[in-house]
**Q** 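The structure that follows is given in the form of structure tokens.
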Amino acid sequence: MYETQERGLSDPEKLLIIAVCLGILAVTILVTVCVVTPVCWIYACIHGKNNKDQKKQQDSEEKEEITCFKLIMVPHYGSQNGRSSDDELLGLGSKKYTEKSTYSSMSTSSRGDDTLSFYSKCSSDISVANRNVDNTCGQVSLSVTYRERENETTGQLIIYLKEAQALPPRLYGGIIDPYLVVQLFENRGRKRSKRGFFVPIFEYRTSTKRKSQHPLFEETVVVTIPKAKLEDSIVKIAVFDDEKIMNDTNLGEISVPIGNLHLADHSGEQIHVLDLLEPQQGNGEILFGLSFLPTVERLTFTIVKGNNLRVVSDSMENFAPYIRILLFHNGKLYKKRKTTCRYGSDCPSYNESLTFDLPSSEIENVMFVLIVTHRKITSSRETSSRLTDFNREHHVGKVVIGPRASGSAFCHWLAMKQSLRKQVTQWHTLN
């Protein structure tokens, strides 16, 4: 029989057990503190992952919210080099565009910039009901007579501008301030072996009639011209609205061969009433998007780019276009926004967003005017004389959009209202 001998723990073993227990306690305290308080890196790692997941979810929701629609291209009325033919210039034999083409890609060959191809990647179609818009531009009354001189081949072409009637009002509110511009074109196609080569030989501007859609002008224009050239001459009459803060609006125009006006060589006058046609614009185009968030009552304009803008400076290098947006509420100017300038290009890219706080209850009482303006580089002397950059001749063109707009501008506005929280992007021709 063996005797069991009890033996106690040695000092090193006791110290090891105490150290292990203290280590377990320290780790437990550390983990508890790091999980509860944001001081430790473990807390940042645990909650950082949750923040990333939430951010990814928000990004996906925002991406889904700003889904772009297929772009509708407004047809070009002029040639690609920015110059219109004589028939288009005079409004003779021009074809009325009724077919809309869907904008599918933005390649370098089509628009000169391939950095905006994301507009065609995620797109969806919407049905837009077109509004029956009265396309009448009004009428103008005039008489044309020709007085020959004895023993001379030249005579006097007398154009009596009587009045204009039923002119359209301003889309953004208010009554127009109309005036007439009369141009006489001479056909020199036979001399240059070209048909339809029209050259302007005379231009006249009437006085401005304030606050009238039925202005009475009663002004006479006298032009000295040989009778042999009358048959191939064309008179063009355009009605403009004299505006202070933007370029004058062409309300309508008409071009008529002189031979169709039944000239009389006596003092009797025959009044001709001519229907004005929608003017052909050659100021270029702009691409912008619209989106309205009813929860925060905010309307956002996403200015993308311009195309074939009319250069109003002395050279392309000095051309600096930017876009201003004016908000009119019940016909009164309420707010302004503008983009930065882009220098040396008639096809500038902006990619800027301009926002307006707009209550949902007032969405039917506002109109927006987008104005493409050239910022003139002034010298110190001109700056000291307080010359502004907003002279009328420095405006390229404008687009009026809102609930009382017409054509593609109204369709764009209606598409925005039908697709809240989504961005609808479309090309517009500048007036």
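Hydrogens, waters and symmetry mates play no part in the numbers below; they use all other heavy atoms, side chains included.
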**Q** If you count every heavy atom of other residues, nucleotides or ligands that lies below 6.0 Å from K336 atom NZ, does the total exceed 12?
**A** no

**Q** Just by distance, do the side chain of N247 and the backbone of N431 share a donor-acceptor pair under 3.5 Å?
**A** yes

**Q** Do Q165 and E163 have side chains that approach each other closer than 4.5 Å (heavy atoms only, starting at C-beta)?
**A** yes

**Q** Is the backbone N or O of V372 less than 3.5 Å from a side-chain atom of Y322, with the two atoms forming a donor-acceptor pair by type?
**A** no

**Q** Do R337 and F356 form a cation-pi contact, if we require the NZ or CZ to be under 6.0 Å from the six-membered ring centre and within 45 degrees of the ring's axis?
**A** yes

**Q** Can you see which heavy atom on P257 is nearest to which on I234, and at what distance?
**A** CA-CG1, 4.1 Å

**Q** Around R210, counting heavy atoms of other residues, nucleotides and ligands shown, do more than 12 lie under 6.0 Å from its CZ?
**A** yes

**Q** Show the nearest heavy-atom pair for residues P169 and G174, with the distance to one decimal.
**A** CB-O, 4.2 Å

**Q** Could you check whether any side-chain heavy atom of M316 comes within less than 4.5 Å of a side-chain heavy atom of D346, counting everything from C-beta outward?
**A** yes

**Q** Could you give the distance from CD (Q270) to CG (L142), rounded to the nearest 0.5 Å?
**A** 10.5 Å

**Q** Looking only at non-hydrogen atoms, find the nearest pair between Q156 and V222 and report the distance.
**A** CD-CG1, 3.9 Å

**Q** Side chain of H412, backbone of V424: donor and acceptor closer than 3.5 Å?
**A** yes

**Q** Indicate yes or no: does K236 engage E203 in a salt bridge with an N to O separation below 4.0 Å.
**A** no

**Q** Compare all side-chain heavy atoms of T145 with those of Y160 and state whether any distance is below 4.5 angstrom.
**A** no

**Q** Does the side-chain contact (heavy atoms from CB on, under 4.5 Å) test come out yes or no for Q426 and S408, once each step is laid out?
**A** CA-CA 9 Å; Q426 184 174 321; S408 62; 3.3 Å; yes

**Q** What are the two closest heavy atoms between N283 and G397, and how far apart are they?
**A** ND2-CA, 4.2 Å

**Q** Can you tell me if H428 uses its side chain to pair, donor with acceptor, with the backbone of V399 under 3.5 Å?
**A** no

**Q** Should R375 and P321 count as side-chain neighbours, where that means a heavy-atom distance under 4.5 Å?
**A** no

**Q** Quick one, L157 and V144 - any side-chain contact, counting heavy atoms below 4.5 Å?
**A** yes

**Q** Is a side-chain donor or acceptor of T206 paired with a backbone partner of L180 at a separation under 3.5 angstrom?
**A** yes

**Q** Show the nearest heavy-atom pair for residues S360 and E297, with the distance to one decimal.
**A** N-OE2, 3.5 Å

**Q** Is the shortest heavy-atom distance from the side chain of S291 to the side chain of K422 under 4.5 Å?
**A** no

**Q** Please determine whether a side-chain nitrogen of the Lys or Arg among E285 and K305 lies less than 4.0 Å from a carboxylate oxygen of the Asp or Glu.
**A** no

**Q** Just do the side-chain contact (heavy atoms from CB on, under 4.5 Å) check on I371 and V369 with the steps written out, would you?
**A** CA-CA 6 Å; I371 310 172; V369 182; 3.8 Å; yes

**Q** According to ring pair (Phe, Tyr, Trp, His ring centres under 6.0 Å), does anything in residues 210-252 pair up with another residue at least two apart or in another chain? List the pairs.
**A** Y179-F240

**Q** Output yes when R170 and D177 qualify as a salt bridge under the 4.0 Å nitrogen-oxygen rule, no when they do not.
**A** yes

**Q** In Å and rounded to the nearest 0.5 Å, what is the CD1 to CD1 distance from I303 to I286?
**A** 6.0 Å

**Q** Report yes if some heavy atom in the side chain of S233 is under 4.5 Å from a heavy atom in the side chain of I225; otherwise report no.
**A** yes

**Q** Without swapping roles, check the side chain of R310 against the backbone of H395 for a donor-acceptor pair under 3.5 Å.
**A** yes

**Q** For P168, enumerate each residue passing the side chain to side chain contact (heavy atoms under 4.5 Å, CB included) test, keeping only those at least two apart in sequence or located in another chain.
**A** L251

**Q** Could you go step by step and tell me if E219 and Y204 meet the side chain to side chain donor-acceptor pair (under 3.5 Å) rule?
**A** CA-CA 10 Å; E219 299 186 24; Y204 175 80; 2.6 Å; yes

**Q** Look up atom NE2 in H272 and atom CD1 in I159, then write down how far apart they are to the nearest 0.5 Å.
**A** 11.0 Å

**Q** Applying side chain to side chain contact (heavy atoms under 4.5 Å, CB included), can you list everything that pairs with D314, at least two apart in sequence or on another chain?
**A** N318

**Q** Any idea which heavy atoms bring F328 and L333 closest together, and the distance?
**A** CD2-N, 3.6 Å

**Q** Could you check whether R342 pairs with E352 (Lys NZ or Arg NE/NH1/NH2 to Asp/Glu carboxylate O, under 4.0 Å)?
**A** yes

**Q** If only atom types and distance count, is the side chain of E253 paired as donor or acceptor with the main-chain N or O of I237 below 3.5 Å?
**A** no

**Q** Does any donor atom in the side chain of K338 or T373 lie under 3.5 Å from an acceptor atom in the other side chain?
**A** no

**Q** Output, in order, the C-alpha distance, side-chain angles, deciding distance and verdict of side-chain contact (heavy atoms from CB on, under 4.5 Å) for N365 and H329.
**A** CA-CA 6 Å; N365 300 322; H329 180 263; 4.1 Å; yes

**Q** Is it true that a side-chain atom of R147 and a backbone atom of I158 form a donor plus acceptor pair closer than 3.5 Å?
**A** no

**Q** Does the T339 side chain pair with the main chain of I323, one donor and one acceptor, at a distance under 3.5 Å?
**A** yes

**Q** Taking atom SG of C347 and atom CG of L287, what is their separation to the nearest 0.5 Å?
**A** 12.0 Å

**Q** Measuring from atom CZ of F185 to atom OG of S255, what distance do you get when rounded to the nearest 0.5 angstrom?
**A** 7.0 Å

**Q** Below 4.0 angstrom, N of the basic side chain to O of the carboxylate: do E218 and K162 qualify?
**A** no

**Q** Answer whether the closest heavy-atom distance between the side chains of C341 and Y343 falls below 4.5 Å.
**A** yes

**Q** Report the distance from atom CG of L327 to atom CG of L299, rounding to the nearest 0.5 Å.
**A** 8.5 Å

**Q** In this structure, which one of L370, T249, L430, L326 forms a side chain to side chain contact (heavy atoms under 4.5 Å, CB included) with K398?
**A** T249

**Q** Pick from W427, F301, Y350: which one makes a side chain to side chain contact (heavy atoms under 4.5 Å, CB included) with F288?
**A** F301

**Q** What verdict does the side-chain contact (heavy atoms from CB on, under 4.5 Å) test give for L167 and I176, after you've listed the backbone C-alpha separation in whole Å, the side-chain angles of each residue and the deciding distance to 0.1 Å?
**A** CA-CA 8 Å; L167 298 179; I176 59 174; 3.6 Å; yes

